[in-house]
Engineer: 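Here it is, the structure, as structure tokens.
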Amino acid sequence: MDIKFNLPSPLQEYSFNKISFLLKRDDLIHPLFSGNKARKIDYLLNTPLDKYDKIVSYGSLFSNAMLSLAIFSKIKNIPFYYLVKNLSKKELLSPKGNLKIALSNGMILKDYRYLQDYLTPNALFIKEGISNKFAYIGVEKLAKELIKELLPNKNYQIFLPSGTGTTSLFLSKALIKLNKKNIKVFTTPVVGDKNYLLEQFRNLEKDSSFYPTILDTSKRYGFGRLYKEFYQIWLELYYQTKVEFDLLYDPKGWITILENSSLFENLVYIHQGGNIGNITMIERYQRRWQL
Ligand SMILES: *Cc1c(COP(=O)(O)O)cnc(C)c1O
């Protein structure tokens, strides 16, 4: 199995609810890598990993990072152990979406309780959501693409929703280090609240001057939970742009933008992928509300 990332990803113009914006199509980098997972893993893809006898990570059974790591491990021909907390879940009986494709590419599922047993000296350990420091290298490439594609003397506001916050933090840091004062990064926490996200930032970077601006919605939303307004804005995005956005992170992202629209003079939205994860999300929505 070989791999080719479609880089640089296209930057396209759209409009949503009368807000015109540029969309960085990281969802088109590779059909099996959620866009920002491709960015985060880019460094490892180009690094010899011969000394490792396994790749170990952990997280949820729906995770986009899980699928990306399964494909990555297969390309590298290294066994991939993925540790989850609820191994007895019924999803295992008829796997779908990310889980189905990850399993069919050789992913080995194990119980999270035994994590320590897998962290042997020759294990390559990847944190949940690929929130490792090495992710900076690939996200810096994204920053450099944007600098090339955007006008040097126009002000831009980049928006991308955060899970671990690795992508938004490193994008903000790379742009500041490259001295691009006309491009500012904004995000919203989708996993946890603002304090949780700040804690994630601190684990990766001490200097808070590199952090993106954190915005939030008036309503609190729980991660991975279903909200009618999420499904509605996701459908509306599709009707207006004909682009399929992600159903886990992007709805909160767009609600944040609409609630803070005065901040966005020239919006650039990063599409971070997640389309295979949508399969199980759509099913859950349909089951809940017969949509
Ligand atoms: C993983 C993921 C995110 C969150 O990325 P972080 O770097 O963890 O903040 C956002 N959107 C999509 C579609 C993802 O797959």
Side-chain angles (χ1 to χ4, degrees), residues 9 23-43 57-72 97-99 101-102 126-143 158-174 185-194 196-205 210-216 221 223-224 230 234 237 243-257 269-282:
S9 66
L23 185 62
K24 183 69 170 158
R25 299 295 305 272
D26 275 9
D27 55 318
L28 301 178
I29 293 176
H30 188 283
L32 294 177
F33 281 81
S34 211
N36 72 343
K37 307 308 182 291
R39 297 285 186 189
K40 292 199 271 188
I41 209 144
D42 196 52
Y43 164 76
S57 189
Y58 64 96
S60 93
L61 284 174
F62 303 102
S63 159
N64 294 328
M66 170 189 74
L67 173 58
S68 298
L69 288 173
I71 302 298
F72 171 77
N98 285 333
L99 181 59
I101 304 176
I126 305 209
K127 293 194 208 164
E128 183 167 20
I130 321 180
S131 53
N132 301 61
K133 289 199 172 155
F134 64 68
Y136 183 78
I137 310 288
V139 177
E140 187 187 40
K141 265 196 203 170
L142 167 61
I158 296 188
F159 190 94
L160 66 169
S162 284
T164 65
T166 312
T167 316
S168 66
L169 167 64
F170 285 164
L171 183 57
S172 174
K173 179 176 171 175
V185 178
F186 294 78
T187 190
T188 192
V190 179
V191 178
D193 59 5
K194 182 174 178 170
Y196 167 84
L197 184 56
L198 279 170
E199 199 182 305
Q200 303 299 302
F201 287 167
R202 277 193 291 270
N203 291 336
L204 289 163
E205 172 61 57
F210 289 128
Y211 295 179
T213 303
I214 301 177
L215 303 173
D216 216 338
Y221 295 104
F223 182 57
F230 277 17
W234 176 79
L237 277 160
V243 174
E244 181 179 345
F245 283 79
D246 155 83
L247 200 37
L248 191 56
Y249 294 90
D250 287 334
K252 177 153 186 214
W254 279 100
I255 292 172
T256 307
I257 290 170
Y269 194 90
I270 313 287
H271 193 321
Q272 304 183 86
N275 300 53
I276 296 174
N278 279 353
I279 298 169
T280 40
M281 288 300 288
I282 292 168

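Order of listing sets the numbers, starting from 1, for every ligand and every atom in it. Residue numbers start at 1 and run along the sequence shown.
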Engineer: Considering only heavy atoms, which of D27, L197, T164, N275 lies nearest to atom 6 (P) of ligand 1?
Structural biologist: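 Among D27, L197, T164, N275, the closest heavy atom to atom 6 (P) of ligand 1 comes from T164.
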Engineer: Identify the closest protein heavy atom to atom 11 (N) of ligand 1: which residue and atom is it, and at what distance?
Structural biologist: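 The closest one turns out to be Y249 CD1, 3.2 Å.
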Engineer: Please confirm whether the ring centroid of F210 lies under 6.0 Å from the ring centroid of F201.
Structural biologist: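 Centroid separation for F210 and F201: 6.0 Å or greater.
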Engineer: Report the nearest protein non-hydrogen atom to atom 1 (C) of ligand 1: residue, atom name, distance rounded to 0.1 Å.
Structural biologist: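 Atom 1 (C) of ligand 1 sits closest to the protein heavy atom K37 NZ, 1.5 Å.
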Engineer: Among all protein heavy atoms, pick the one closest to atom 5 (O) of ligand 1 and tell me residue, atom and distance.
Structural biologist: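 Answer, as residue, atom name and distance: N36 ND2, 2.7 Å.
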Engineer: So is Q200 close enough to ligand 1, meaning a heavy atom under 4.0 angstrom away?
Structural biologist: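 Not so, Q200 does not reach ligand 1.
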Engineer: Using modelled atom types and a 3.5 Å cut-off, is there a donor and acceptor pairing between side-chain atoms of T280 and backbone atoms of G277?
Structural biologist: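 Yes: the side chain of T280 pairs with the backbone of G277.
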Engineer: In terms of residue, atom name and distance, what is the protein heavy atom nearest to atom 7 (O) of ligand 1?
Structural biologist: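 In this structure, atom 7 (O) of ligand 1 has T167 OG1, 2.6 Å as its nearest protein heavy atom.
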Engineer: What are the two closest heavy atoms between I41 and F72, and how far apart are they?
Structural biologist: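 Looking at all heavy atoms of both residues, the shortest contact is CD1-CG, 3.6 Å.
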Engineer: Of the backbone atoms (N, CA, C, O) and the side-chain heavy atoms from C-beta on, which set of N64 has a member under 4.0 Å from an atom of ligand 1: side chain, backbone, both, or neither?
Structural biologist: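 Near ligand 1, N64 shows its side chain, while the N, CA, C and O stay back.
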Engineer: For ligand 1, which atoms have a heavy atom of S34 less than 4.0 angstrom away?
Structural biologist: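 Selected atoms, number and element: 15 (O).
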Engineer: Counting only nitrogen or oxygen atoms and a 3.5 angstrom limit, does G165 reach ligand 1?
Structural biologist: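 The answer is yes, given that G165 and ligand 1 share an N or O pair closer than 3.5 Å.
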Engineer: Assess S168 for proximity to ligand 1: is some non-hydrogen atom of it under 4.0 Å away?
Structural biologist: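 Contact absent.
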Engineer: Go through Y269 and F186 one step at a time and tell me if the ring-ring contact (aromatic ring centres under 6.0 Å, His included) criterion holds.
Structural biologist: CA-CA 10 Å; Y269 194 90; F186 294 78; over 10 Å; no
Engineer: Counting non-hydrogen protein atoms only, what is the nearest one to atom 13 (C) of ligand 1? Give residue, atom name and distance.
Structural biologist: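 Residue, atom and distance for the closest contact: G273 O, 3.2 Å.
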Engineer: Indicate the atoms forming the closest heavy-atom contact of M66 with L61, along with that distance.
Structural biologist: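 For M66 and L61, the tightest heavy-atom pair comes out as CE-O, 3.3 Å.
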Engineer: Taking D26 first and then R39, would you say they form a salt bridge - that is, a charged N and a carboxylate O separated by under 4.0 Å?
Structural biologist: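 So D26 pairs with R39 through a salt bridge.
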Engineer: For atom 4 (C) of ligand 1, find the nearest protein heavy atom and state the residue, atom name and distance (0.1 Å precision).
Structural biologist: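 Ranking protein heavy atoms by distance from atom 4 (C) of ligand 1, first comes G163 N, 3.4 Å.
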Engineer: For S162 and L197, work out which heavy atoms get closest and say how close.
Structural biologist: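 Shortest heavy-atom contact: CB-CD1, 3.7 Å.
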Engineer: Any side-chain heavy atom of F159 sitting closer than 4.5 Å to one from P161?
Structural biologist: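 Side chain of F159 against side chain of P161, heavy atoms only: contact under 4.5 Å found.
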